[in-house]
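Data block below; observations after.
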Amino acid sequence: MYDLIIIGGGPAGVAAGIYAGRKKIKTLIITDSFGGQSIVSAGIENWIGEKNISGIDLAKKLEEHLRFFEEIEILENDLVLKVEKIDNGFKVFTKNQKIFETKYVLVASGSRRKKLNVPGEKEFEGKGVFYCSICDAPLLKNKVAAVIGGGNAGLEAVLDLLPYASNIYLLEFNDKLKGDEKTQEKIRLNSKVKIIFNAQTLEILGNQLVYGLKYRDRLNEQIKELKVDGIFVEIGAIPNSEMVKDLVHINNFGEILVDLQTQKTSYPGIWAAGDVTNRFYKQNNIAVGDAIVALLNINDELNKNK
């Protein structure tokens with residue numbers, strides 16, 4: 001029986017693991033890989049302590065720091081499918097048909113970006129197709145960018161790009177933007193931005209890097225092409241909360257509801273941190289802080305029950 005199982009190997013999961021190592025908590029971390037969503041970023045400029053770091057290098061540093069604590073057990077290349085309550089804690093079931101028992105669980109499984117699922121998207125991920133405007137907007141300095149999605153995420157991506165890109169196309173599938181009205185006003189007033197409504201993205205174009213996209217005008221069925229250097233896909237994210245959905249309270253978006261003072265979920269013995277939660281800002285640095293809060297609270301609970 002472990003004291004704690006941490007689900008996830010992104011910044012939140014690793015931060016919790018490092019603190020668990022320092023607190024000598026008997027811990028198992030289960031993850032398919034290290035780094036989280038940022039692993040596809042060519043350059044991250046807002047990771048505190050690094051002026052610029054690639055997603056791959058960040059993942060390596062996170063893993064290296066975690067493995068420094070030899071007492072922390074790591075199960076890599078596996079995924080947690082289900083968490084089940086037992087008398088003295090929880091059973092954790094993995095994709096590779098392994099079963100573990102633990103007193104407490106910290107869900108730091110992050111989220112996965114909704115994909116366009118069009119030709120070229122997968123091939124050019126990180127080579128002009130991006131999913132994090134805060135991370136990757138600087139790569140579009142003096143270049144032409146497209147943002148796909150007219151909700152709050154898409155509007156925020158446009159704002160992130162404004163200091164860098166020379167021109168920005170905002171493609172919305174429907175005939176109006178869905179995001180915050182005040183943000184819409186800022187965007188409409190900027191001459192750099194052109195909004196294209198009723199646009200269904202059909203294909204990402206590129207050689208070694210992206211050079212454009214094709215879309216269908218849903219009003220007249222015409223196929224049109226845009227020349228762009230980068231494409232930001234901002235059509236939402238899906239929290240990886242399925243493994244605990246039968247235990248904890250989850251909102252309409254699939255996010256785990258937590259007490260933001262302790263990161264406790266509605267179910268005793270389960271905590272959550274990072275992008276899988278209802279935390280408003282989805283950022284690596286924030287996920288790390290929340291995971292540390294969760295771990296310290298878990299440590300308090302363990303000490304209380306000794």
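Computed from a predicted model, the values in this text were never measured in an experiment. Numbers here are sequence positions counted from 1. What you see below is based on every heavy atom in this structure, not just the backbone, and it leaves out hydrogens, waters and symmetry mates.
The local environment of CZ in F124 is crowded, with over 12 non-hydrogen atoms from other residues, nucleotides or ligands closer than 6.0 Å. Within a 6.0 Å sphere centred on CD of E70, other residues, nucleotides and ligands contribute 12 heavy atoms or fewer. Within 6.0 Å of atom NZ in K178, more than 12 heavy atoms from other residues, nucleotides or ligands are found, so the atom counts as buried in its surroundings. Residue-environment remark: CD1 (I56) stays at or below the threshold of 12 foreign heavy atoms within 6.0 Å. No more than 12 heavy atoms of other residues, nucleotides or ligands lie within 6.0 Å of NZ in K24, so this atom counts as exposed by the packing criterion. Counted within 6.0 Å of NZ on K95, heavy atoms from surrounding residues, nucleotides or ligands total 12 or fewer; the atom is thus considered open.
In terms of hydrophobic clustering, with Ile, Leu, Val, Met, Phe, Trp and Tyr side chains grouped at heavy-atom distances under 4.5 Å, L75 and L79 are assigned to different clusters. Under a hydrophobic-cluster definition in which Ile, Leu, Val, Met, Phe, Trp and Tyr are linked whenever side-chain heavy atoms come within less than 4.5 Å, directly or via other members, I148 and L140 are assigned to different clusters. Linking ILVMFWY residues whenever their side-chain heavy atoms come closer than 4.5 Å, directly or via other members, places V288 and L106 in the same cluster. Under the 4.5 Å side-chain heavy-atom criterion for Ile, Leu, Val, Met, Phe, Trp and Tyr, Y164 and L159 are members of distinct hydrophobic clusters. By the criterion of side-chain heavy atoms lying less than 4.5 angstrom apart, applied directly or through intervening Ile, Leu, Val, Met, Phe, Trp or Tyr residues, I256 is not grouped with I286; the two fall into different hydrophobic clusters.
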Residue pair V147, L170: steps toward the side chain to side chain contact (heavy atoms under 4.5 Å, CB included) verdict: CA-CA 5 Å; V147 175; L170 175 59; 3.8 Å; yes
Please step through side chain to side chain contact (heavy atoms under 4.5 Å, CB included) for the pair R188 and E185, ending with a clear verdict. CA-CA 5 Å; R188 290 180 194 279; E185 284 174 28; 5.9 Å; no
Criterion salt bridge (Lys or Arg N to Asp or Glu O under 4.0 Å) on E242 and R112, from CA distance to verdict: CA-CA 12 Å; E242 293 88 349; R112 56 197 185 272; 2.9 Å; yes
Evaluate the criterion side chain to side chain contact (heavy atoms under 4.5 Å, CB included) for residue pair F34 and L66; output intermediate values, then yes/no. CA-CA 10 Å; F34 287 98; L66 179 67; 3.6 Å; yes
Take I196 and L226 through the side chain to side chain contact (heavy atoms under 4.5 Å, CB included) test and state the conclusion after the steps. CA-CA 11 Å; I196 303 173; L226 290 176; 3.9 Å; yes
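Side chains of N284 and S38: a donor-acceptor N/O pair is present below 3.5 angstrom, by distance only.
Between the side chain of N96 and the backbone N or O of N77 there is at least one donor-acceptor pair closer than 3.5 Å. At least one donor-acceptor pair under 3.5 Å links the side chain of D229 to the backbone N or O of V144. Between the S266 side chain and the H249 main chain, a donor and an acceptor come within less than 3.5 Å of each other. In this structure, the side chain of Q184 engages the main chain of G179 through a donor-acceptor pair within 3.5 Å. With D217 contributing its side chain and L219 its backbone, the two residues share a donor-acceptor pair below 3.5 Å. Judged by distance alone, the side chain of K214 and the main-chain N or O of I223 form no donor-acceptor pair under 3.5 Å. Side-chain N or O atoms of N240 include one that pairs as donor or acceptor with a backbone N or O of S109 at under 3.5 Å. Looking at T265, its side chain does come within 3.5 Å of a backbone N or O of I270 through a donor-acceptor pair. Between the side chain of D275 and the main chain of A287, no donor-acceptor pair closer than 3.5 Å is present.
Within the 4.5 Å cutoff, side-chain heavy atoms of Q283 are placed close to those of N46. The closest side-chain heavy-atom distance from L162 to V193 is below 4.5 Å. At least one side-chain heavy atom of L296 sits less than 4.5 Å from a side-chain heavy atom of K23. Put simply, the side chain of F100 reaches to within 4.5 Å of the side chain of T94, judged on heavy atoms. Residues S111 and K282 fail the side-chain proximity criterion, which asks for heavy atoms closer than 4.5 Å. Between I5 and L28, some side-chain heavy-atom pair lies under the 4.5 Å cut-off. At least one side-chain heavy atom of K264 sits less than 4.5 Å from a side-chain heavy atom of N297. Two residues are said to be in side-chain contact when any heavy atoms from C-beta on lie closer than 4.5 Å; E45 and N52 meet this criterion.
Summarising the geometry, atom CD1 belonging to I187 is positioned 6.5 Å from atom CD1 belonging to I195; distances are rounded to the nearest 0.5 Å. If you take CG on L171 and OH on Y215, they are separated by 6.5 Å, rounding to the nearest 0.5 Å. With rounding to the nearest 0.5 Å, the separation of CG in D259 from OG1 in T277 is 11.5 Å. Note that the CG atom of L295 and the CG atom of D290 stand 12.5 Å from one another [nearest 0.5 Å]. Here the CZ-SG distance, from F232 to C135, works out to 9.5 Å after rounding to the nearest 0.5 Å. Rounding to the nearest 0.5 Å places CD1 of I48 at 4.5 Å from CG of N285.
Using a 4.0 Å cut-off between charged side-chain N and carboxylate O, K82 and D246 make a salt bridge. Looking at R113 and E125, no side-chain N of the basic residue comes within less than 4.0 Å of a carboxylate O on the acidic one, giving no salt bridge. Residues D78 and K98 are not paired through a salt bridge, judged by the lack of any N-O separation under 4.0 Å between the basic side chain and the carboxylate.
Seen from the ring of Y2, K26 counts as a face-on cation partner, given the 6.0 Å and 45° thresholds. Geometrically, K227 does not engage Y169 in a cation-pi contact defined by less than 6.0 Å to the ring centre and at most 45° from the axis. Geometrically, R218 engages F173 in a cation-pi contact defined by less than 6.0 Å to the ring centre and at most 45° from the axis.
Between K103 and the choices N305, D3, N88, the side-chain hydrogen bond (donor to acceptor under 3.5 Å, both in side chains) rule is met once, by D3. The residue from E63, E71, E64 that alone fulfils the salt bridge (charged side-chain N to carboxylate O under 4.0 Å, His left out) condition with R67 is E63. Under the side chain to side chain contact (heavy atoms under 4.5 Å, CB included) test applied with I44, the options L58, I134, D136 reduce to a single match, L58.
Relative ring orientation between Y104 and W271 is described as perpendicular, the plane-to-plane angle rising above 60° on a 0-90° scale split at 30° and 60°.
Closest approach of I235 and K114 over heavy atoms only: O-CD, 3.3 Å. Between I292 and A15, the shortest heavy-atom distance links the atoms CG1-CB, 4.2 Å. For V276 against A272, the heavy-atom pair with the smallest separation is CG1-CB, 4.3 Å. The heavy-atom pair separating D160 from S133 by the smallest distance is OD2-OG, 2.7 Å. When every heavy atom of Q261 is checked against every heavy atom of V293, the shortest pair comes out as O-CG1, 3.4 Å. Nearest heavy atoms, L247 versus V83: CD1-O, 3.4 Å.
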